[in-house]
Amino acid sequence: MADMQAFQDAVTSWATGGPDGPARDLAERLGVRTAVLLEGLSDFAAVEALAARRGRDLAAEKVCVVPMGGAMSVGRYARLLGPPGLGLRLTGLCDEGEKGFYERGLTRSQASLQDIYVCTADLEDEFIRALGTSAIEEIFRSEGDFRAWQSFQCQPAQQGRPRHQQVRRFLGTKKGRKIRYGRLLVDALAPDRTPPPLDGLLASL
């Protein structure tokens with residue numbers, strides 16, 4: 001049975017040089033209406049986790065969440081999925097430093113910029129400000145990463161750096177860590193402490 005994961009895979013194949021037919025066929029069969037353009041898998045994990053926590057089934061709502069493998073790919077994905085291609089409504093989440101890629105990519109594809117939500121620095125930075133470093137350290141402890149965290153703090157490059165910056169850097173030091181913690185940090189949020197860009201994105205869908 002056709003499903004949204006199959007559509008996401010077909011879109012990824014199309015964006016990397018594959019045929020357009022499978023994505024076009026699945027978009028029509030599934031009635032896809034919106035594509036959420038995300039920089040990578042850690043953002044994808046957080047969006048999926050928050051949607052599930054709020055009782056949302058994005059696939060059932062005809063929304064496809066697309067991790068693009070980097071903000072520089074947004075122009076290509078916007079061209080394929082937006083007005084020049086499948087004609088889907090586009091929305092997304094990006095880091096502050098990557099905002100320009102999104103603005104240029106969507107503008108060239110004649111897509112609206114109003115539904116792009118920008119994180120201050122990045123999504124990890126948003127989580128740290130929402131939860132506080134002490135709460136995140138407790139998550140490190142519960143996940144068996146506290147000793148690694150303590151060792152990281154002792155590195156010369158980390159001496160004198162604010163705890164906030166240390167936590168943010170630690171989350172990106174091991175492959176897969178940001179993806180795993182994307183889900184865990186969402187689960188730790190109080191309902192009224194969801195980072196505004198992430199909250200706004202979900203509310204717009």
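- Looking only at atom types and distance, the side chain of Q150 has no donor-acceptor partner in the side chain of Q153 under 3.5 Å away.
- To the nearest 0.5 Å, atom CG of residue D57 and atom NZ of residue K62 are 9.5 Å apart.
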Could you go through K174 and F152, starting from their C-alpha distance and side-chain angles, then the distance that decides it, and tell me whether this counts as side chain to side chain contact (heavy atoms under 4.5 Å, CB included)?
CA-CA 11 Å; K174 183 178 179 181; F152 173 80; over 6 Å; no
Please walk me through it: do E39 and D122 pass side chain to side chain contact (heavy atoms under 4.5 Å, CB included)?
CA-CA 10 Å; E39 292 185 42; D122 54 24; over 6 Å; no
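- Residues V186 and R183 fail the side-chain proximity criterion, which asks for heavy atoms closer than 4.5 Å.
- S109 and G75 get closest at one heavy-atom pair: OG-O, 4.0 Å.
- Across all non-hydrogen atoms, the minimal contact from E98 to A71 is CB-CB, 3.5 Å.
- Both M68 and M4 belong to a common hydrophobic cluster when Ile, Leu, Val, Met, Phe, Trp and Tyr are linked at side-chain heavy-atom distances under 4.5 angstrom.
- With rounding to the nearest 0.5 Å, the separation of CG in L106 from CG in L37 is 6.5 Å.
- Without hydrogens or angle criteria, R56 side chain to L202 main chain gives a donor-acceptor distance under 3.5 Å.
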Check step by step if salt bridge (Lys or Arg N to Asp or Glu O under 4.0 Å) holds for R141 and E138.
CA-CA 5 Å; R141 190 187 302 276; E138 287 306 309; 3.6 Å; yes
Let me see the working for T173 and Q155 under side chain to side chain contact (heavy atoms under 4.5 Å, CB included), right down to the final yes or no.
CA-CA 13 Å; T173 56; Q155 293 177 3; over 6 Å; no
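- For E28, the CD atom counts as loosely surrounded, since its 6.0 Å shell holds 12 or fewer non-hydrogen atoms of other residues, nucleotides or ligands.
- Residues T120 and R129 approach most closely at CB-NH2, 3.2 Å, considering heavy atoms.
- Between P195 and L189 there is a side-chain heavy-atom pair separated by less than 4.5 Å.
- L41 and L184 are not part of a single hydrophobic cluster, where members link through side-chain heavy atoms under 4.5 Å apart.
- Between C94 and Y102, the shortest heavy-atom distance links the atoms CB-CE1, 3.4 Å.
- Note on L205: it does not cluster hydrophobically with V66, by side-chain heavy-atom contacts below 4.5 Å among ILVMFWY residues.
- Expressed to the nearest 0.5 Å, how far CG of D145 lies from OG of S151 amounts to 11.0 Å.
- Each of H164, R168, Q165 was evaluated against D125; a single residue qualifies, H164, per the side-chain hydrogen bond (donor to acceptor under 3.5 Å, both in side chains) test.
- Using a 4.5 Å heavy-atom cutoff, the side chains of C119 and L93 are in contact.
- I116 is not connected to L123 by any chain of hydrophobic side-chain contacts under 4.5 Å among Ile, Leu, Val, Met, Phe, Trp and Tyr, and they are in different clusters.
- The heavy-atom pair separating S42 from E124 by the smallest distance is OG-OE2, 3.8 Å.
- Side-chain contact between R163 and S134 is absent, with no heavy atoms from C-beta onward closer than 4.5 Å.
- Under the 4.5 Å side-chain heavy-atom criterion for Ile, Leu, Val, Met, Phe, Trp and Tyr, L58 and L30 are members of distinct hydrophobic clusters.
- Residues F127 and Y181 keep their aromatic ring centres 6.0 Å or farther apart.
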Could you check D115 against R89 for salt bridge (Lys or Arg N to Asp or Glu O under 4.0 Å), going step by step and ending with a plain yes or no?
CA-CA 9 Å; D115 291 330; R89 172 180 171 250; 2.9 Å; yes
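- Remark: of the listed residues L198, V36, L201, L201 is the sole one forming a side-chain contact (heavy atoms from CB on, under 4.5 Å) with Y117.
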Starting from the C-alpha separation in whole Å, work towards a yes-or-no answer on side chain to side chain contact (heavy atoms under 4.5 Å, CB included) for L80 and L86.
CA-CA 6 Å; L80 300 182; L86 298 183; over 6 Å; no
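- With hydrogens and angles ignored, the 3.5 Å screen pairs no side-chain donor or acceptor of T107 with any backbone N or O of R104.
- The 12-atom threshold is not exceeded at CZ of R108, counting heavy atoms of other residues, nucleotides or ligands nearer than 6.0 Å.
- Contact record, G105 with A78: O-CB, 3.9 Å, taken as the closest heavy-atom pair.
- Contact annotation: the side chain of R54 approaches that of T194 to within less than 4.5 Å [non-hydrogen atoms, C-beta and beyond].
- A heavy-atom distance below 4.5 Å is found between the side chains of T34 and T91.
- Annotation: cation-pi geometry satisfied between R177 and F170 (NZ/CZ under 6.0 angstrom from ring centroid, within 45° of ring axis).
- Here the CG-OG distance, from L90 to S112, works out to 9.0 Å after rounding to the nearest 0.5 Å.
- Rounded to the nearest 0.5 Å, atoms CG (L185) and CD (E126) are 12.5 Å apart.
- Between F44 and I179, every side-chain heavy-atom pair lies at or beyond the 4.5 Å cut-off.
- Once rounded to the nearest 0.5 Å, the distance linking CZ of F101 with CG of D95 reads 11.0 Å.
- Counting only heavy atoms from C-beta outward, the side chains of L88 and R33 never approach each other to under 4.5 Å.
- Between the side chain of T12 and the backbone N or O of Q8, at least one donor-acceptor pair lies under 3.5 Å.
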